[in-house]
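Naming convention: chains lettered A, B, ... in sequence-line order (proteins, then strands); numbering from 1 in each chain. Computed from a prediction, not measured in an experiment: that's the story for all the values here.
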2 protein chains.
Amino acid sequence: MGYADYMGHKRDHPRSTCPISLALEVFGDPWTLLVMRDALYLGKRRFGEFLSSGEKIATNILANRLERLVRRGVLRRKPAEQGREGPIYEPTEKGLALIPVLMEILLWSERYERLSVPPPGFVRRIRADREGLIKLVQKRVRSGLPGLG
Amino acid sequence: MGYADYMGHKRDHPRSTCPISLALEVFGDPWTLLVMRDALYLGKRRFGEFLSSGEKIATNILANRLERLVRRGVLRRKPAEQGREGPIYEPTEKGLALIPVLMEILLWSERYERLSVPPPGFVRRIRADREGLIKLVQKRVRSGLPGLG
DNA sequence: CTGTATCCTTAGGGATACTG
DNA sequence: CAGTATCCCTAAGGATACAG
């Protein structure tokens, strides 16, 4: 431990009840969404897999982020079983629901940030998800962008 | 100054060329997207307006984020003219393109984070944007989610 | 292989005072 | 009003060693 529940320093309660602010207290840091990228788009599930990403996250940071994501209900930790190597981390429904967020970030970055070169397997995986994503977006459009009622 | 160009510590170059990672080096912190929320959804333009948000950002942090957002082409700074009070910060096209990102974050948070209560004027402004947003999303769906070709 | 633990450094950040 | 400048402190993070 040693980390606060919320991300801004010196607080143990949310800064405000604004939904954007609340979301940032879950993933408003340089690492959390990279872990979710690995989980959602690269199919990673195990500690060592997350650790091996190109951005070279440190073990203590990774452990902290995994623990927080589990505590916040974004990932679910399944303990090791006999015959299997170790525990795995897999997205919950709340975690899967971050796919559209990552998608919009991806589109923004591809369009406006030079240097953008997705990691191996990334674009392929996203293409595979495309149909599901389009359906999800269409459904959201049909229902008039829920959540704003 | 005193802040590095990129957000993870001790680096002056991107961690990787992954679009998600690159985007996080622009807004992968607890404050930047709040500034953009204020600019895009609450119509704030001036230093004092950003300063007065419910989350109580400090002046040095705000100055740093505004400077970085300008440097990264997300905001544009227009100097004070005679007759007007002071400089204003307004979104560039790149900045406006963050609206869908914030929208997805909002939908995720409203759905999965308890406590979610948007600040005054927020929902109203988003409702006003709804038509434009739906059009934008529909267009994106029609063209098959560009950026992944 | 999956983490803890530890050491160390620094950037991030809160508070406040101050300046053009 | 729009920031700088300072002080001070802590959490975040990098590196490495080590334990079950």
Side-chain angles (χ1 to χ4, degrees), chain A residues 1-13 15-16 21 24-35 38 44-70 75 77-90, chain B residues 1-13 15 21 24-25 27-35 38 44-70 75 77-90:
Chain A
M1 279 274 290
Y3 284 89
D5 274 48
Y6 291 92
M7 289 202 146
H9 301 176
K10 300 167 197 166
R11 288 176 297 94
D12 62 346
H13 63 283
R15 297 174 289 191
S16 81
S21 180
L24 290 174
E25 305 206 9
V26 177
F27 55 73
D29 75 288
W31 293 109
T32 301
L33 285 185
L34 285 185
V35 173
D38 288 353
K44 300 189 178 182
R45 293 292 180 269
R46 300 159 51 64
F47 193 89
E49 293 178 314
F50 291 109
L51 201 61
S52 70
S53 284
E55 291 86 7
K56 301 286 170 198
I57 189 171
T59 58
N60 52 343
I61 309 299
L62 175 59
N64 169 265
R65 293 308 188 273
L66 289 173
E67 189 267 338
R68 172 153 55 203
L69 285 168
V70 168
L75 292 179
R77 182 186 197 266
K78 285 191 161 175
E81 300 167 6
Q82 49 273 54
R84 225 189 36 219
E85 313 81 344
I88 64 168
Y89 298 88
E90 58 183 15
Chain B
M1 278 277 288
Y3 284 90
D5 274 50
Y6 289 93
M7 289 202 146
H9 301 176
K10 301 169 196 163
R11 288 177 297 96
D12 62 346
H13 63 283
R15 296 175 288 190
S21 180
L24 289 174
E25 306 207 8
F27 55 73
D29 75 289
W31 293 110
T32 301
L33 285 184
L34 285 185
V35 174
D38 288 352
K44 299 190 178 182
R45 293 292 181 267
R46 300 158 52 63
F47 193 90
E49 294 178 315
F50 290 109
L51 201 59
S52 71
S53 284
E55 291 86 6
K56 302 287 171 197
I57 189 170
T59 58
N60 51 346
I61 309 297
L62 175 58
N64 170 264
R65 294 306 189 274
L66 288 173
E67 190 266 337
R68 171 154 53 202
L69 285 167
V70 168
L75 293 178
R77 184 193 142 106
K78 284 191 161 176
E81 300 167 5
Q82 49 272 55
R84 223 187 41 214
E85 313 83 346
I88 64 168
Y89 298 87
E90 58 183 16

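- Per the geometry, CD belonging to A:E25 stands 15 Å off C1' belonging to C:dG12, to the nearest Å.
- Listed nucleotides: C:dT4, D:dG3, D:dG14. Nearest to the side chain of A:I61: D:dG14.
- Considering only side-chain N and O atoms, B:W31 lies nowhere under 4.0 angstrom from the phosphate OP1 or OP2 of C:dG12.
- Distance from the side chain of A:T59 is smallest for D:dA17 among the nucleotides D:dG13, D:dG3, D:dA17.
- Each of C:dT4, D:dG3, C:dG13 was ranked by its minimum atom distance to the side chain of B:Y89; first place goes to D:dG3.
- Atom P of nucleotide C:dG13 and atom CG of B:N64 are separated by 9 Å, given to the nearest angstrom.
- Atom pair B:I57:CD1 and D:dA2:C1' shows a separation of 14 Å (rounding to whole Å applied).
- Between the side chains of A:R45 and A:Y89, not a single donor N or O lies within less than 3.5 Å of an accepting N or O.
- The structure places CD1 of A:I88 at 9.5 Å from CD of A:E49, a figure rounded to the nearest 0.5 Å.
- For the pair B:R65 and C:dG13, the criterion of a side-chain N or O lying under 4.0 Å from OP1 or OP2 is met.
- Atom CG of B:L66 is separated from atom C1' of D:dA2 by 10 Å (rounded to the nearest Å).
- C:dC1 atom C1' lies 16 Å from atom NZ of A:K44, rounded to whole Å.
- Protein atom CG of A:L34 is 11 Å distant from nucleotide atom P of D:dG13, rounded to whole Å.
- Contact annotation: B:R68 side-chain N/O to C:dG12 OP1/OP2 distance is not under 4.0 Å.
- Atom CG of A:L62 is separated from atom P of D:dG13 by 12 Å (rounded to the nearest Å).
- Here the side chain of A:N60 is nearest to one of C:dT6, D:dT4, C:dG3, namely C:dT6.
- The main-chain N or O of A:R15 is found under 3.5 Å from a side-chain atom of A:E25 such that the two form a donor-acceptor pair.
- Nearest to the side chain of A:P87, among D:dT4, D:dT6, C:dG3, sits C:dG3.
- The distance from the CZ atom of B:F47 to the OG atom of B:S52 is 11.0 Å, given to the nearest 0.5 Å.
- Put simply, the side chain of A:K44 never gets that close to the backbone of A:D38: no donor and acceptor are under 3.5 Å apart.
- Note: CD1 (B:I88) to P (D:dG3) measures 12 Å, nearest angstrom.
- Picking from D:dG3, D:dG13, D:dA2 the nucleotide with the shortest atom distance to the side chain of B:R46 gives D:dA2.
- Closest to the side chain of B:R77, out of D:dG14, C:dG3, D:dG3, is D:dG3.
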